[in-house]
Chemist: 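Below you will find the structure I want to go over with you.
What you see is a predicted model; the values in this text were computed from it and never measured. In this chain, numbering begins with 1 at the start of the sequence shown.
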Amino acid sequence: MKKLFIIPLSALLFACGGDPKDASEIDLENFEERISYALGADMGANFANIPEDIYSVLNKQALEDGFYEFLTSEDKKSDDCQDILRTAFASRQGIDTTDHSMKEISHCYGSIFGEMMRKSLTSKKALDQVNADIAKIGFKDALIKADTLIPKEERKQMIVDFNNDLNKQVGEEFISDAANENAEGLDNSGYILVETEGSDGAPIDLNKEYEIVYTMTNVVGDTIISTTIDPSPSDLENSQVINATDIVLPEGWKMAAKDMKLGAEYTLYIPYELGFGEKGLMNQQSSNYVIPPFSALKVYTKVLGQ
């Protein structure tokens, strides 16, 4: 006697569904699908700046594969690719394929962008909010200049808003955790000042110049600004002279100065409102952000003399 196996309708629907295979299947009403496509397309659109004589000879499939591979693999690092690309683009006569094939060079090129996107999302704890398969579709469409699913200006604004929301969310969580661990250092203004080495020195005077050792990092510990070039020499050798109007000193540092003394070491946690606010800090030469909008900050500071 034959046995009948009953397959639930939901299982059939799931098996026939799955992620979109191309742009025509993307649900633009679904935020995850929309932002995933936008992020991938934005990465791919960077190739529009490459001279056409170079872009035309790149292997588009290898570019796409490299992007996807490094976007989805947490243990992948593009260090070797940096060297390969440096060699390949050293010549003024185009891409040098003496040591590496065009496919390998193209794969490395794509991997740089995949790793960049993965690291950015990871730093904002948002990797699980993006569908890599849909980002790949956006990246591919941009490579062949078919990324018209979302108008360019709308896409850029979407990404700006997405990143700002993530920065704000991660920053608030960072400050909340720091406040819970260092409740005694929490000021009513919102910053947290932790003394890591005391001193009987004079109070910090905002009207003076400072011989200072200073390091500013983001919420994941990446250094943004630092006076320290080599940790081996003395503090004095790693110090610089600045004053309270210097751009590297955010409002939170100036507010905390009332509780700081000459010669003491401090770790300072600064919410975005007391840092560089909703606008962030731009590099005027490159028009890139030194500090993105809504960024919470962590500062190590020690004033050696004033």
Chemist: Between Ser123 and Lys119, do the side chains contain an N or O donor and an N or O acceptor separated by less than 3.5 Å?
Modeler: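 Note: Ser123 and Lys119 side chains miss the donor-acceptor criterion.
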Chemist: Which pairs count as ring pair (Phe, Tyr, Trp, His ring centres under 6.0 Å) when at least one residue sits in residues 280-306, sequence neighbours excluded?
Modeler: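 Those involving residues 280-306 are Tyr272-Phe294.
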Chemist: Given the side-chain rings of Phe139 and Tyr37, with only the six-membered ring counted for Trp, is the space between their centroids under 6.0 Å?
Modeler: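 Distance test on ring centres: not under 6.0 Å, no.
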Chemist: Between Lys258 and Asp187, does any side-chain N to carboxylate O distance fall below 4.0 Å?
Modeler: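 Here Lys258 pairs with Asp187 in a salt bridge, since their nearest N and O are under 4.0 Å apart.
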Chemist: Judged by modelled atom types alone, do Gln240 and Thr227 share a side-chain donor-acceptor pair under 3.5 Å?
Modeler: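 Judged by distance alone, the side chains do not pair up.
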Chemist: Under 30°, 30 to 60°, or over 60°: which ring-plane class applies to Phe47 and Tyr55, parallel, tilted or perpendicular?
Modeler: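 Geometry flag for Tyr55 against Phe47: tilted rings.
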Chemist: Between Asp200 and Lys261, is there a side-chain N and carboxylate O pair less than 4.0 Å apart?
Modeler: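 No salt bridge links Asp200 with Lys261.
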Chemist: Check this for me, if you would: do Asp165 and Lys168 make a salt bridge, where the nitrogen-to-carboxylate-oxygen distance has to be below 4.0 angstrom?
Modeler: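 No, no charged N to carboxylate O under 4.0 Å.
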Chemist: Classify the side-chain pair Glu237/Ser234 by whether it contains a donor and acceptor separated by less than 3.5 Å.
Modeler: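 Yes.
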Chemist: State plainly whether one hydrophobic cluster holds both Leu304 and Ile204, where clusters connect Ile, Leu, Val, Met, Phe, Trp and Tyr through side-chain heavy atoms under 4.5 angstrom apart.
Modeler: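 Shared cluster, no.
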Chemist: So which residues get pulled into Phe174's cluster when ILVMFWY side chains under 4.5 Å apart are joined, directly or through others?
Modeler: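 Besides Phe174, the cluster holds Val170, Ile175, Leu186, Ile192, Val194, Val219, Val220, Tyr269.
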Chemist: Are any of the side-chain nitrogens in Arg155 or Asp147 under 4.0 Å away from the carboxylate oxygens of its partner?
Modeler: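 Asp147 and Arg155: salt-bridged.
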